[in-house]
Amino acid sequence: MLFPSLELQIQTLPDNPGVYQYYDKDGKILYVGKAKNLKKRVSSYFNKIHDTAKTNVLVKKIVTIKHIVVSSEQDALLLENNLIKKLQPRYNVLLRDDKTYPWICIKKEPFSRIFPTRRMVKDGSEYFGPYTNFKTVNTILEMIKELYLLRTCNYDLTEANINSGKYKVCLEFHIGNCKGGCEGYELLENYQKQVDAIREILKGNFKESLKDFKIKMQDLAANLHFEEAQKIKEKIEVLENYQSRSTILNPKISNIDVFSIISDEAVAYVNFLQIAHGAIIRSHTLELKKKLDETDEELLELAVVELRERFQLLSREIILPFPLDFGDKIKVTVPQLGDKKHILELSERNAKYYRLDQLKQIQIVDPERHTNRIMAQMQKDLRLSIEPRHIECFDNSNIQGTNPVAACVVFKDGKPSKKDYRHFNIKTVEGPNDFASMEEVVYRRYKRLLDEKEPLPQLIIIDGGKGQLSSALKSIDSLGLRGKIAIIGIAKRLEELFYPEDPIPLYLDKKSESLKVIQFLRNEAHRFGITFHRDKRSKAALNSSVETIAGIGEKTMITLLKHFKSVKRVKNATENEISEVVGVSKAKKIYDFYKKESI
C-alpha cells in the first residue's frame, strides 16, 4: 500500500525524459535511474511484484521521489551516469570515473590531432561530447577524415623540429591522406583553418558538411556506384539524427551555479543546478510565497543568497536569466546563446515542471483550495467586485449567412457546467449580422432567467470586440441589469479584454491562469456553437433529401448518413453500395432519384 504522499508524487510526474531519484524516510539516496517517460517508468516500480527480492525491498523503502527533466533520452543517460558517480546510491551499480563515456579531443598542439578518448587531460585541449557510444564517435571521425586531410602521427611538429628536418613523410602522405606538414609541405595556418571547420562540426554546425556529403552521394549514384552511395546515405542519416553534444555536460563549463525563476501571482519557484567539472551534480527547487507583490528580481536575489548559504556554494560565477548585483566576488552571467544558455533553459524547464507538480497536487488533495485560489485571482485580474463563481460566455456561429445560431456555455467555480449549456436559433435577424444576433440571444437568455427567477451569473463574457460587447450591453440595459452583472468582451487577435465605456483594452499576462480560464470558456463556446451549427446544416440537408425522395423515410436517410457520413457521399454511391445498407428496393429508389437529379 502506497503512502498517500508518495502516490501523489507519482500521479504528478511529467511524461518527459529525465532522471528520477528515490530517497528513504531519513532523506538518504537509494537509487538513481533514467527514463524516456518519467511517469510511466516510476509507476512501473509500484504496480507489480518484482522478480528480485532486492528490488522489492527497495520499493518498500521509497518515501520521496525527486526528478530532473531533460531534453532527450540521451541526456538522461549521461546525467544518470554522473549522478550515480557523485551520489553513489546504495541500490545502483557502482560506476568508477576511469570507465566513462567517450569524447572527441582536439589536441592543443601545432597541427592539432583529432582523436577519440575516454580520459580528459587538463592541458588546454578541447573535448566534445560525451557520446553514448563509439559508433557515433567513429561516424563523426570518418566523416571528418573524408572531408579533411589530417595527420594521424604523434610527431611533435614544432616549427624548430620541422625546419631541422627531423621527420620524414610517411605512407599516409604517399596515399593522399596527409599533406606532409612534418616536412613543411603544408602551412600551419592552412591546417588550422581545417581544424576550425571541424570544431564547428563538433559543435553541431555541420550544415556545410552535410551539403558536401549529399553532393558526393549524388555523384556516386550518377556514376552507378550504388553501394558507395548507400554508405554515404547512411552516414547522412546518422548525422541528421545525431545530437552533436549533450546539453547536460560540457567540460568548458565548470564550477558554476545556475539559477532560474518561474512565478505566478502568488508563488515563485527558483530552480538551482550545480555544475562541477562539466557535469550537473545537484538540482533543487525552492518555493517562495509572495507577500507584497514582490518582483522576480527581488525573489531571485533572495533565493540565490539562501541557496548558496544552505548548500555552502563557493563558485565565483553564477548564471541567471537577468542581471543582479552580488558584489565584486561573484560574476553574474546572463547568457544569450550557446551552452550556458542551454543549461539555463534546462533549469527553467525544471522550475516550470516543479510548479506544475505542485499545482496538480493541490488540485488532487485540496480541490476547494485550488478553486478558491483561481477565483480570487480572477477577481483581482479582471477588476471585479466579487469572485466570478458563475460565468457565462456567448458565441455566434454562421457560415456565409446560413443557419445562424448562437451558443451560451456556463462555468461554475472555474469548471464547465454542461447541463446549463444552451443553444439558440436566431429568430429576429436576417442574414449574417453578428451584432444584432448577439443582442437577441443575450436578451433572450437573461429575460428567461429573470422570468424563471433563476440565479444570474457574476460575469458575462462576449466572444468578440467592442461591436459585439456594445450589442450585448443594449440587452443588458433594456433588462435593467447594468451594474448588477459584470460584462467583458474578448477579441481573438491579441486576446484584448474590453470593458464597457473604457476605450483602452486590458491585456493579461499570457501565462495568467485568469486568461487561460477565459480562453477555455471562449473555445468551449465556439466548439459548442460550431457543433450545433454543423448539426443544423446536416439536418437541413437531410430534410431536403427526405422531402423529395418518394417512399424513403427519415430513419432510412439517417441510417445512410451514419454509414456514408454525408449526403454528398450518398449521391456518389453505387446502387450496390446503398443496397448493402438499406436493402435492394430502397436502394433503387434512392439511386434513381440522385441519378435523375444529376442529369
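Here, residue 1 is the first one in the sequence, and each next residue gets the next number. In this text the structure is predicted, and so the values were computed from the model without any measurement.
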Worksheet entry | ring-ring contact (aromatic ring centres under 6.0 Å, His included) between Phe111 and Tyr155, intermediate numbers included | CA-CA 10 Å; Phe111 295 90; Tyr155 295 155; over 10 Å; no

Item to complete: With side chain to side chain contact (heavy atoms under 4.5 Å, CB included) as the test, would you mind laying out the steps for Phe46 and Leu6 before giving the verdict?
Response: CA-CA 10 Å; Phe46 301 92; Leu6 184 58; 3.9 Å; yes

Practice prompt. Decide side-chain hydrogen bond (donor to acceptor under 3.5 Å, both in side chains) for Ser315 and Arg308; before the verdict, give the C-alpha distance in whole Å, the side-chain angles of both, and the deciding distance to 0.1 Å.
Written response: CA-CA 9 Å; Ser315 55; Arg308 283 178 65 86; 3.3 Å; yes

Discussion item. Applying side-chain hydrogen bond (donor to acceptor under 3.5 Å, both in side chains) to Ser260 and Asn271, what does each step give before you reach the verdict?
Written reply: CA-CA 5 Å; Ser260 65; Asn271 177 261; 4.6 Å; no

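Remark: Lys108 does not engage Glu126 in a salt bridge, criterion side-chain N to carboxylate O under 4.0 Å. Salt bridge absent: Lys380 and Glu387 never bring a charged side-chain N and a carboxylate O closer than 4.0 Å. Salt-bridge formation is not detected for the pair Lys61/Asp24: no Lys NZ or Arg NE/NH1/NH2 atom is positioned less than 4.0 Å from an Asp or Glu carboxylate oxygen. With salt bridges taken as basic N to acidic carboxylate O contacts below 4.0 Å, one links Arg522 and Glu495. In this structure, Glu228 does not pair ionically with Lys231, as no charged nitrogen and carboxylate oxygen lie closer than 4.0 Å.
Considering every non-hydrogen atom in both Val32 and Pro89, the closest pair reads CG2-CG, 3.6 Å. Here the closest non-hydrogen pair linking Met378 and Leu384 is O-CD1, 4.3 Å. Closest approach of Pro321 and Val334 over heavy atoms only: O-CG1, 3.5 Å. His284 and Leu307 make their closest contact through CD2-CD2, 3.7 Å (heavy atoms, listed as atom of the first residue, atom of the second, distance).
Side-chain contact of Tyr353 with Tyr269: a donor-acceptor pair under 3.5 Å is absent, judged by distance alone.
Glu317 pairs by the side chain to side chain contact (heavy atoms under 4.5 Å, CB included) definition with Ile256, Lys331, Thr333, Lys340, not counting sequence neighbours. For the side chain to side chain contact (heavy atoms under 4.5 Å, CB included) test, residues two or more places apart in sequence or in another chain that qualify with His526 are Asp395, Ile530.
By the neighbour-count criterion of 12 heavy atoms within 6.0 Å, atom NZ of Lys216 is densely surrounded, having more than that number from other residues, nucleotides or ligands. More than 12 heavy atoms of other residues, nucleotides or ligands shown are found within 6.0 angstrom of CD1 on Ile386. The number of heavy-atom neighbours closer than 6.0 Å to CZ of Arg90, taken from other residues, nucleotides and ligands shown, is 12 or below.
In this structure, the side chain of Glu109 engages the main chain of Arg113 through a donor-acceptor pair within 3.5 Å. The main-chain N or O of Lys39 is found under 3.5 Å from a side-chain atom of Ser43 such that the two form a donor-acceptor pair. A distance-only check finds a donor-acceptor pair linking the side chain of Gln458 to the backbone of His390 [under 3.5 Å]. In this structure a side-chain-to-backbone donor-acceptor pair under 3.5 Å is missing from Glu301 to Glu298. Judged by distance alone, with hydrogens and angles left aside, the side-chain atoms of Ser125 form no donor-acceptor pair with the main-chain N or O of Lys107 at under 3.5 Å. One N or O on the side chain of Gln9 and one on the backbone of Ile65 form a donor-acceptor pair closer than 3.5 Å. A donor-acceptor pair under 3.5 Å is formed between the side chain of Asn350 and the backbone N or O of Val69. When atom types are taken as modelled, the side chain of Ser514 and the backbone of Asp381 share no donor-acceptor pair closer than 3.5 angstrom.
Stacking of Lys66 on the aromatic ring of Tyr23 is recorded, both the 6.0 Å distance cut-off and the 45° axial limit being met.
When each of Ile319, Leu344, Leu346 is tested with Leu273 by the rule side-chain contact (heavy atoms from CB on, under 4.5 Å), just one qualifies, namely Leu346.
At a threshold of 4.5 Å between non-hydrogen side-chain atoms, the residues Leu497 and Ile518 count as touching. Between Ser112 and Gln192, the closest side-chain pair of non-hydrogen atoms falls below 4.5 Å.
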